[in-house]
Amino acid sequence: MDLALLRTFVTVHRAGSFTRAAALLGLSQPAVTSQIRTLERQVGRPLFLRQARGVTPTTIGDELAHKAAPHLDALVEIAESGLEEDSSLRTLHLAGPPEFTAERALPALTELTGEDDQGFALRASFGTADEVLEGLAAGHHDLAISTVRPRGALLTATALCDEEHVLVAAPHRAEQIGAGTLRRTGPAALERVPVVEVHESLPFVARYWASVFDSRPVCPGTVIVPDLRAVLACAAAGAGLAVLPRYLVAGALERGEVVALHEPTVPPLRTYFLAVRTGTLAMPHIARAHEWLERAAAGWC
C-alpha cells in the first residue's frame with residue numbers, strides 16, 4: 001500500500017474535509033479526492049461518507065486510521081529528526097493570546113531553551129483564538145494556547161487552566177461609585193461609568209455582566225485598546241471600569257493602583273486550552289514543552 005496514499009488518508013481523517021486536507025498537504029482538492037478513491041479501490045471498501053460540509057469516516061476508515069496513523073507519525077518524526085541533524089537546536093513554534101502568552105507561557109518555556117541535548121529554540125506569535133487554531137491546523141505552529149476548544153480529530157486539546165475575571169477601577173472611581181451602593185443596586189450603579197475594553201462588543205464586561213448580574217451592560221465603551229495590559233493601564237489612570245484576569249491585575253491590586261469593585265461568590269472563569277496537531281506529541285521537543293506548560297499551569301490557577 002502506497003505510503004503517500006496513507007498519508008493523505010490520515011490527513012483527511014483528522015481534518016474531516018478534503019479541502020482542509022488539501023491545504024495542509026499542499027495539494028489540490030482533486031488530487032486528494034483522486035488519492036482517496038485510489039486507496040478505496042485498493043481496500044475494496046469506502047473509507048469516507050461524503051457530506052455537504054466535509055466527510056465522515058466509515059467503520060473501515062476509522063479502523064485503518066487507528067492502525068496507520070501511529071506509524072505514519074513515527075515516520076514523520078524520523079524525517080524531522082533527519083532534517084535537523086545539522087542544527088544545534090530544534091525550534092518550537094508557539095502561538096496564543098498576547099497577554100497570557102507573554103505573562104505565563106513564555107516565562108515558563110524559557111527554562112527549556114538552553115543548549116543541552118533536550119533544549120530548543122523558541123518562536124512565538126500572537127493572535128485570536130480562531131487565528132492561532134487555524135495556524136496550528138495549517139502547520140505554522142507546534143503548540144497553540146486558545147480559549148476555544150478545537151473540534152474534530154485534526155487537533156487535540158488539553159484544558160490548561162482557568163482564569164478568574166475581576167471588575168476593577170481606579171480608587172477615585174471606586175469612591176464615586178461606592179462599593180456599598182453597588183452591593184445594594186447591582187449593575188444599575190455602573191450604568192454611567194465609562195468602560196475600558198479590548199473591543200467595541202465589550203467581550204469581558206458582557207461576560208461578567210451575564211455571569212454575575214444576569215444582565216447586559218448598558219455602560220458605553222469609552223476607551224477601546226486591543227491589549228489587556230493597555231486596558232489595565234487606562235483603568236488605573238482613571239479612564240473607567242474594566243474586567244480583567246486576576247493574574248494580570250493582581251499586582252496592581254496589591255499596590256492599590258486599582259481596586260475590586262465587586263467580589264461575587266462565584267467569579268466568572270475562562271478556560272485556556274493547550275492544543276497540538278494530533279500525532280505531533282511523538283516529537284520530543286513538542287512533548288517536553290507540552291508537559292512543561294501543563295506542570296507550570298498547576299501553579300497558575
Side-chain angles (χ1 to χ4, degrees), residues 1-85 87 90-95 123 125 127 129-144 146 148-158 273-287 289-290:
M1 192 173 290
D2 191 333
L3 287 178
L5 297 183
L6 283 176
R7 177 170 177 261
T8 298
F9 161 73
V10 169
T11 304
V12 172
H13 185 272
R14 288 172 171 169
S17 161
F18 284 2
T19 301
R20 173 168 281 189
L24 292 171
L25 293 166
L27 300 173
S28 66
Q29 184 173 335
V32 170
T33 302
S34 175
Q35 290 188 22
I36 295 300
R37 286 176 177 168
T38 299
L39 187 59
E40 287 177 328
R41 286 196 296 269
Q42 292 180 5
V43 174
R45 301 283 292 278
L47 299 173
F48 297 103
L49 299 176
R50 279 68 168 176
Q51 298 178 335
R53 301 181 66 179
V55 294
T56 301
T58 62
T59 301
I60 297 297
D62 272 334
E63 291 178 359
L64 180 59
H66 180 73
K67 292 178 181 179
H71 301 290
L72 286 170
D73 292 336
L75 289 173
V76 169
E77 164 62 10
I78 293 171
E80 292 285 342
S81 299
L83 287 173
E84 297 194 9
E85 282 179 354
S87 177
R90 286 192 163 215
T91 300
L92 180 83
H93 296 271
L94 172 72
R123 301 290 183 270
S125 58
D130 290 339
E131 288 170 347
V132 300
L133 290 178
E134 288 174 5
L136 178 65
H140 302 313
H141 318 308
D142 299 313
L143 290 174
S146 171
V148 175
R149 182 188 287 275
R151 297 181 179 180
L154 179 63
L155 303 180
T156 303
T158 303
F273 298 95
L274 182 59
V276 297
R277 287 187 305 284
T278 302
T280 57
L281 286 179
M283 299 181 183
H285 68 303
I286 297 179
H290 190 281

Student: So, do Leu155 and Thr278 sit near enough that their side-chain heavy atoms are less than 4.5 Å apart?
Tutor: no
Student: Quick one: does His13's side chain get under 4.5 Å of Leu64's, heavy atoms only?
Tutor: no
Student: Of all the heavy-atom pairs spanning Leu133 and Ala275, show the shortest one and how long it is.
Tutor: CD2-CB, 4.0 Å
Student: Indicate yes or no: at least one non-hydrogen side-chain atom of Val55 is less than 4.5 angstrom from one of Leu49.
Tutor: no
Student: With distance as the sole test, does Thr11 use its side chain to make a donor-acceptor pair with the main-chain N or O of Arg7 at under 3.5 Å?
Tutor: yes
Student: Of the non-hydrogen atoms in His93 and His140, which two are nearest, and what is the gap between them?
Tutor: CB-O, 3.8 Å
Student: Under 3.5 Å, is there a donor-acceptor pair between the side chain of Ser34 and the main chain of Pro30?
Tutor: no
Student: Side chains of Thr156 and Arg277: closer than 4.5 Å at any heavy-atom pair?
Tutor: no
Student: Taking only residues two or more places apart in sequence or in another chain, which ones pass side-chain contact (heavy atoms from CB on, under 4.5 Å) with Ala23?
Tutor: none
Student: Can you name the nearest heavy-atom pair linking Ser146 to Ala129, along with the distance?
Tutor: OG-CB, 3.4 Å
Student: Fit a plane to each ring of Phe48 and Phe9, take the angle between them on a 0 to 90° scale, and name the class: parallel (under 30°), tilted (30 to 60°) or perpendicular (over 60°).
Tutor: tilted
Student: Other residues, nucleotides and ligands only: do more than 12 of their heavy atoms fall within 6.0 Å of CZ on Arg151?
Tutor: no
Student: How many angstroms lie between CD1 in Ile36 and CG in Leu39, if you round to the nearest 0.5 Å?
Tutor: 6.0 Å
Student: Hey, what do you get for CG (Leu136) to CG (Leu143), rounding to the nearest 0.5 Å?
Tutor: 7.5 Å
Student: Do the side chains of His290 and Thr158 get nearer than 4.5 Å, heavy atoms only?
Tutor: yes
Student: Are any non-hydrogen side-chain atoms of Arg123 and Leu92 less than 4.5 angstrom apart?
Tutor: no
Student: The criterion is side-chain hydrogen bond (donor to acceptor under 3.5 Å, both in side chains); which residues satisfy it with Ser125, sequence neighbours excluded?
Tutor: none
Student: Calculate, to the nearest 0.5 Å, the distance between atoms OG1 and CD belonging to Thr56 and Gln51 respectively.
Tutor: 3.5 Å
Student: Grab the two heavy atoms, one from Gln35 and one from Ala4, that are nearest each other, plus how far apart they are.
Tutor: OE1-O, 3.7 Å
Student: Hey, is the main chain of Pro46 close enough, under 3.5 Å, to the side chain of Glu40 for a donor-acceptor pair?
Tutor: no
Student: Which pair of heavy atoms, one from Ala15 and one from Arg20, lies closest together, and at what distance?
Tutor: CB-CG, 3.8 Å
Student: Could you please spell out the steps behind the side chain to side chain contact (heavy atoms under 4.5 Å, CB included) verdict for Leu25 and Thr8?
Tutor: CA-CA 8 Å; Leu25 293 166; Thr8 298; 3.9 Å; yes
Student: How many angstroms lie between CZ in Arg53 and OG1 in Thr19, if you round to the nearest 0.5 Å?
Tutor: 12.0 Å
Student: Going by salt bridge (charged side-chain N to carboxylate O under 4.0 Å, His left out), name the residues that satisfy it together with Arg41, two or more places apart in sequence or in a different chain.
Tutor: none
Student: Quick check: are there more than 12 heavy atoms from other residues, nucleotides or ligands sitting under 6.0 Å from CZ of Arg149?
Tutor: yes
Student: Taking all non-hydrogen atoms of both residues into account, name the closest pair between Ala65 and Pro70 and its distance.
Tutor: O-CD, 4.2 Å
Student: Please tell me if the side chains of Leu94 and His141 come closer than 4.5 Å, counting only heavy atoms from C-beta onward.
Tutor: no
Student: With a 4.5 Å heavy-atom cut-off, do Gln42 and Leu5 have their side chains touching?
Tutor: yes
